[in-house]
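Residues take their numbers from the sequence shown, with the count starting at 1. Every heavy atom of this structure was used, including side-chain atoms; hydrogens, water molecules and symmetry mates were not. Note that the structure is predicted; figures quoted are calculated from it, not measured.
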Amino acid sequence: MHYWWRLASKFDECVKFNLEKIQNLSKLTPILKVLREMERLYLMSIESFDELRQKLMSYKVGDFWVPIGGINKEDLDIPPVNTILLVGFHNAGKSSLVNLMYSVLGQSGLIPFAQTSSGNDCGYTTLTMKEHNVLRSTRSGFCIYDTRGFDYDRVDEALLELKEWMAPDGVHHKKLCSRQEDHVLVPMLNNELEDASSSMFTKRSVNGVMVVANAYEIYKSLKLDDFKPLDALKQLYCSSSLNKSNGNPILILTHGDKLSTEDRIDCRLKICKHLGTSESNGIYDIVCVTEYGLLADEFDPISAYSVTEAVYRSLLISDRAQLVKKTFKDWTLFALSCLMCFIASIFACLAQLFNVLAQKHKGKLKW
């Protein structure tokens with residue numbers, strides 16, 4: 001089952017293309033690009049999976065930084081832990097993805113560590129953020145934040161909440177994700193939410209983002225000419241909050257195993273075209289949980305490698321986007337800029353005041 005793309009009608013053409021070693025890559029159609037990418041993941045899962053996982057297990061923040069422009073690593077404002085945020089709409093599979101990360105990276109077997117919405121009727125874990133150390137190690141250089149799913153009908157509200165998460169203050173464990181409809185649930189959960197804003201939890205700035213999308217749900221809606229889920233995903237994926245410095249976030253497609261091979265590829269192509277992003281770079285088709293409720297890495301090495309590479313790529317982007325520390329000169333210039341702006345605003349107010357007085361005086365002279 002994990003070699004699903006080989007059932008595609010275009011797969012023989014992809015194999016022929018590889019054998020001929022055609023140099024003109026412009027002849028690659030979008031479908032062939034997807035098939036080649038899946039073959040790459042298959043080969044990498046055999047050759048490099050253990051090596052890549054070991055890199056993550058020994059990772060410390062800044063390990064993937066490359067010296068550019070004569071800047072030393074000591075000059076960077078490197079956080080103690082890199083924070084990767086999972087965002088998406090309801091039933092996207094964020095919590096299932098966290099469980100897969102635990103199983104693949106933490107080698108924890110089939111024990112679920114993040115409760116999914118399907119198994120949580122009270123909705124408690126969806127009300128607050130949860131920080132996950134998927135390596136289950138105190139020396140881990142990164143953590144994963146599982147967030148509450150957004151609503152397709154309230155995209156504007158979602159973007160405002162996302163902007164708050166991406167602010168310098170960042171996020172913290174058990175941070176409350178409040179919504180308008182929570183007035184019924186919150187009173188019943190006061191005891192559990194008392195420490196939602198507690199100072200005992202470390203605040204972390206978000207360094208990387210993975211947007212998780214339910215491919216099956218989106219494609220099913222497209223078949224009914226309903227573009228709401230796809231349009232909502234585009235607003236989230238292309239949000240200015242996620243694209244300020246690191247470029248596009250990592251895109252994770254889930255539940256694709258519920259589609260046929262051709263529909264699964266077609267869904268990926270439609271989503272990427274609508275988002276204006278590459279169909280083979282920075283996007284991963286991952287099966288988080290099998291139909292038997294087991295974590296997919298037991299049967300699907302491609303998904304196991306894909307989630308490992310997705311984390312690696314996110315950390316790589318984060319390390320290479322670290323900011324330089326502010327020096328005394330920088331803070332001095334910032335203070336002078338603020339002072340000049342303040343003085344300019346005073347003069348602007350005085351000019352406006354004198355203009356009003358001049359108009360009144362001019363009116364009196366006419367009389």
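At least one side-chain heavy atom of Arg36 sits less than 4.5 Å from a side-chain heavy atom of Cys14.
No side-chain donor from either of Tyr216 and Arg264 sits under 3.5 Å from a side-chain acceptor of the other. Between the side chains of Asn82 and Tyr59, at least one donor N or O sits under 3.5 Å from an acceptor N or O. A donor atom on one side chain and an acceptor atom on the other are not found under 3.5 Å apart for Tyr3 and Glu39. Between the side chains of Asp263 and Ser260, at least one donor N or O lies within less than 3.5 Å of an accepting N or O.
For Gln235, the side chain to side chain contact (heavy atoms under 4.5 Å, CB included) partners at least two apart in sequence or on another chain are Val155, Asp156, Leu159. For Ser280, the side chain to side chain contact (heavy atoms under 4.5 Å, CB included) partners are Lys33, Glu37, Ser278, not counting sequence neighbours. Scored by the salt bridge (charged side-chain N to carboxylate O under 4.0 Å, His left out) test, Asp153 finds Lys228 as partners (sequence neighbours excluded). Applying the salt bridge (charged side-chain N to carboxylate O under 4.0 Å, His left out) rule to Lys10 yields the partners Glu13; only residues at least two apart in sequence or on another chain are considered. In terms of the side chain to side chain contact (heavy atoms under 4.5 Å, CB included) criterion, residue partners of Asp231 (sequence neighbours excluded) are, by chain and number, Phe227, His274. Applying the side chain to side chain contact (heavy atoms under 4.5 Å, CB included) rule to Asp225 yields no partners; only residues at least two apart in sequence or on another chain are considered.
Under the 6.0 Å distance and 45° angle rule, Arg53 does not count as a cation-pi partner of Tyr305.
For the residue pair Glu161 and Phe150, the shortest heavy atom distance occurs at OE1-CE2, 3.8 Å. The minimum heavy-atom distance between Asn214 and His255, with the atom names listed, is ND2-CD2, 3.3 Å. Considering every non-hydrogen atom in both Leu316 and Phe64, the closest pair reads CD1-CB, 3.4 Å.
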Going through the checks in order, is the ring pair (Phe, Tyr, Trp, His ring centres under 6.0 Å) test met by His132 and Tyr145? CA-CA 6 Å; His132 293 275; Tyr145 264 79; 8.4 Å; no

